[in-house]
2 protein chains.
Amino acid sequence: MRGIDVFAIFNFYQSNNSSIAIKMKSQPITIKDIARILGISPSTVSRALKDHPDISPKTKQLVQTFAEKVNYRPNALALSLRSSKTNTIGIVIPEIVHHFFSTVISGIEDVAYGRGYNAIICQTNENYQREVIDLQALVDNRVDGILISMSKNTHEFAHFENLKENGVPVVFFDRICEQISSDRVIADDFEGARIATRHLIDKGCKKIMHLAAPQHLLIGKNRKEGYCSALKEHKLSCDDRLIVKCDTRETVFARADDIIRLAPEVDGIFAVNDSTAIAAMQVLQRNGYSIPKDIAVVGFGDGPNANIAYPPLTTVEQKGYDIGQAAMRLLIGHIENNVEEEEYETKIFTPELVERASSQLGTEY
Amino acid sequence: MRGIDVFAIFNFYQSNNSSIAIKMKSQPITIKDIARILGISPSTVSRALKDHPDISPKTKQLVQTFAEKVNYRPNALALSLRSSKTNTIGIVIPEIVHHFFSTVISGIEDVAYGRGYNAIICQTNENYQREVIDLQALVDNRVDGILISMSKNTHEFAHFENLKENGVPVVFFDRICEQISSDRVIADDFEGARIATRHLIDKGCKKIMHLAAPQHLLIGKNRKEGYCSALKEHKLSCDDRLIVKCDTRETVFARADDIIRLAPEVDGIFAVNDSTAIAAMQVLQRNGYSIPKDIAVVGFGDGPNANIAYPPLTTVEQKGYDIGQAAMRLLIGHIENNVEEEEYETKIFTPELVERASSQLGTEY
DNA sequence: AACGACACCGCAAACGGTTGCGACGAATTA
DNA sequence: TAATTCGTCGCAACCGTTTGCGGTGTCGTT
């Protein structure tokens, strides 16, 4: 008896709904809608949908097939509000248009997707104020955790402290905040530079120039020190005269004279990044030097430029994708083991040498 | 009388809260907490916080300063649930690690930030299934609108139709779906190719080779047709013999022989993208040709490679940032004017010529 | 016939916030 | 003095979902 009624309404709803769908934006169907149409209570619908033992097989069947027909989907907002779990994490980075950072994001995304998390991405454009506001917005939206790479212009850390007080799990990556104890995932610039420089020495270089970034930046300092360390390992002196301060294409051209003046006495160059290395090769080539026959060159991986260079550039690759994955895994660990371990972890990724033509000293390309 | 009581509790709460903050993750404070502590109702607190005229100045003052002290922040989830407005939009793209796409995202982000929107980013990795799931997740999270660039492997469009039925505003950009009527923001590949080819002709080229992408891809087809169109404009014939099918660095090297065989009779090359153009230059240079003295080269902008090339590559820039901004603005228009206009707009961005050394036919670099 | 056991389902509160409406006291007006 | 107005505030419902608990009806058991 009652079954007939229900199915009448059922069919009515179906045809009615589909005709509506053509004309207007129909609000998504809710559990209450289903309950009203089927003449049962929302709680029964809820339980039926998740196979609760209290519900009879018939009711379950009815509710489940109906929900299927009308394409019911639970409202994630309501679920989040009730459970205080959004399955969403926040990412705060200086800029997206940067090969390294977008690679990291890609790694984060892939792990997140596999574990059922969504990612809200905020780009600070190296702006401190925006970093503060972005973090606040993420907290307001009750993200389950946050991954941060700090802006260059951030010198106060109250907004980071604030996260800890709010109980939001945080993992810093790449541009970590030394003043805040937390999980960290970083690339080992020192070791990367040492590997690059060692490689030049292995290739037979006796006197190696370094194109360096400003020493107040961590990467500038660490990469230079890695360079010096490799030299000393091999009883070579670390001569300040061989260190030219330039870290962009433009600054290379601006200091081209200095490079050319030093060129006759060196047989290798380690540049703080790839675009600097490539620009240096071009300056040298224009002045009659042959790479890698006369001078071998190694860069430091900031993208896919190395392959395009002429000759293809030997470089050390920063494993952005791995860093992203590791950071996300660490974060998930903190989110899902609500264990209050004050034990913070630091994961270090050592860059990997990718050997190409530019470092084959003495050979023609 | 009562004032004294309240402030006593006030102070108690303050000291109590701060001591808690040190030890444990304190749950964020809610309107109900404030109401309980201040001995008034949640509705009064809510109204006081937004200067409702029904509330007395004294109460407003009390509530507002207290909220300030305890750093009250409204729960965005609760607001969204009630208002059905999340101030969040979804972005679905094939891959993040791609200069063009990350540039688009940057444009989207900046507009979104200015208008108070957050962005959830999903990367499909050119996977149809993932595209479906990502869209569903965005709808479940009740985003206010969605920006999509389609995956290459998407050949069914039910999930797009589904969005329209759910009443979610959608704007397609770059990889649009021709089968779905909607707002669109695209780059004009045809016109870009025409501009590039025209430029070569202006520089004195009489016979221009084209390195083309597969013709079943829209960009391959449009760019080739733009190339032909420019030739015909200038009474030059569009000779299929001068069209070499290669669109990556690897395919250029694979078909190097074909290119070298044609080289003696051509004085210009238009390549379907920058990396192809750069690889072609390298092949030619290795075979004794001088660029741009013997042969002028123009690429098609897919990144910052052009600057790094030797010689610097003339190219047409796809305005990713502008496309992102425009797409977001269109979307916001649809979200905020809930006017039901079935008028869909298509914005077309014409690439812009960026002239560098590689196209200065006859000159030495 | 009265009892407990069990299957099945609904009520109501909760998550955090908003808002229409009614209540109450005080001040103003007739 | 009685009626009206106004300034303040709280009740309760609502957004969509979950869940503890209590209620109902149908059995079988003694």
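Throughout, protein chains are lettered first and strands after them, A, B, ... in sequence-line order, and every chain is numbered starting at 1. From a predicted model like this one, the values you see are computed outputs, not experimental measurements.
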For B/Thr59, answer base if it contacts any base atom (sugar-phosphate contacts may also be present), sugar-phosphate if it contacts only those atoms, and nothing otherwise; contact means non-hydrogen atoms under 4.0 Å. sugar-phosphate
If I take atom [atom1] in residue [X] and atom [atom2] in nucleotide [N], what distance separates them, rounded to the nearest angstrom?
X        : N      : atom1 : atom2 : value
A/Asn75  : D/dC15 : CG    : P     : 12 Å
B/Asn141 : D/dC15 : CG    : P     : 20 Å
B/Leu81  : C/dG16 : CG    : P     : 12 Å
B/Arg82  : D/dG16 : CZ    : C1'   : 13 Å
A/His52  : D/dG20 : NE2   : C1'   : 10 Å
A/Tyr72  : D/dT18 : OH    : C1'   : 10 Å
A/Ile55  : C/dC9  : CD1   : P     : 5 Å
B/Asp54  : C/dT18 : CG    : C1'   : 14 Å

Under 4.0 angstrom between [X] side-chain N/O and [N] OP1 or OP2:
X       : N      : answer
A/Lys32 : D/dT17 : no
A/Thr44 : C/dC9  : no
B/Ser56 : D/dC9  : yes

Would the distance check show the side chain of B/Ser149 and the main-chain N or O of B/Phe173 forming a donor-acceptor pair, the cut-off being under 3.5 Å? yes
Determine the interplanar angle of the A/His159 and A/Tyr128 rings, folded into 0 to 90°, and report it as parallel if under 30°, tilted if 30 to 60°, perpendicular if over 60°. perpendicular
Describe, in one word, how the ring planes of B/Tyr344 and B/His334 are oriented to each other, choosing from parallel (under 30°), tilted (30 to 60°) and perpendicular (over 60°). parallel
Presence of donor-acceptor pair under 3.5 Å, side chain of [X] and base of [N]:
X        : N      : answer
B/Arg142 : D/dG16 : no
B/Arg47  : C/dG20 : yes
A/Ser43  : C/dC9  : no

Assuming nearest nucleotide by heavy-atom distance, tell me which of B/Ser83 and A/Leu49 is located more 5' along DNA chain D. B/Ser83
On DNA chain D, check which nucleotide each of B/Ser84 and B/Pro57 is closest to and give me the residue with the more 5' one. B/Pro57
Nucleotide nearest [X] when distance is taken to its side chain, options [options]:
X       : options                : answer
B/Thr30 : D/dT8, C/dG17, D/dT19  : C/dG17
B/Ala78 : D/dC9, C/dG17, D/dG16  : C/dG17
B/Leu79 : D/dT18, C/dG17, D/dG16 : C/dG17

Pick from A/Thr86, A/Thr88, A/Asn118: which one makes a side chain to side chain donor-acceptor pair (under 3.5 Å) with A/Asp144? A/Thr86
Could you tell me whether B/Arg329 and B/Asp183 have a side-chain N and a carboxylate O separated by less than 4.0 Å? no
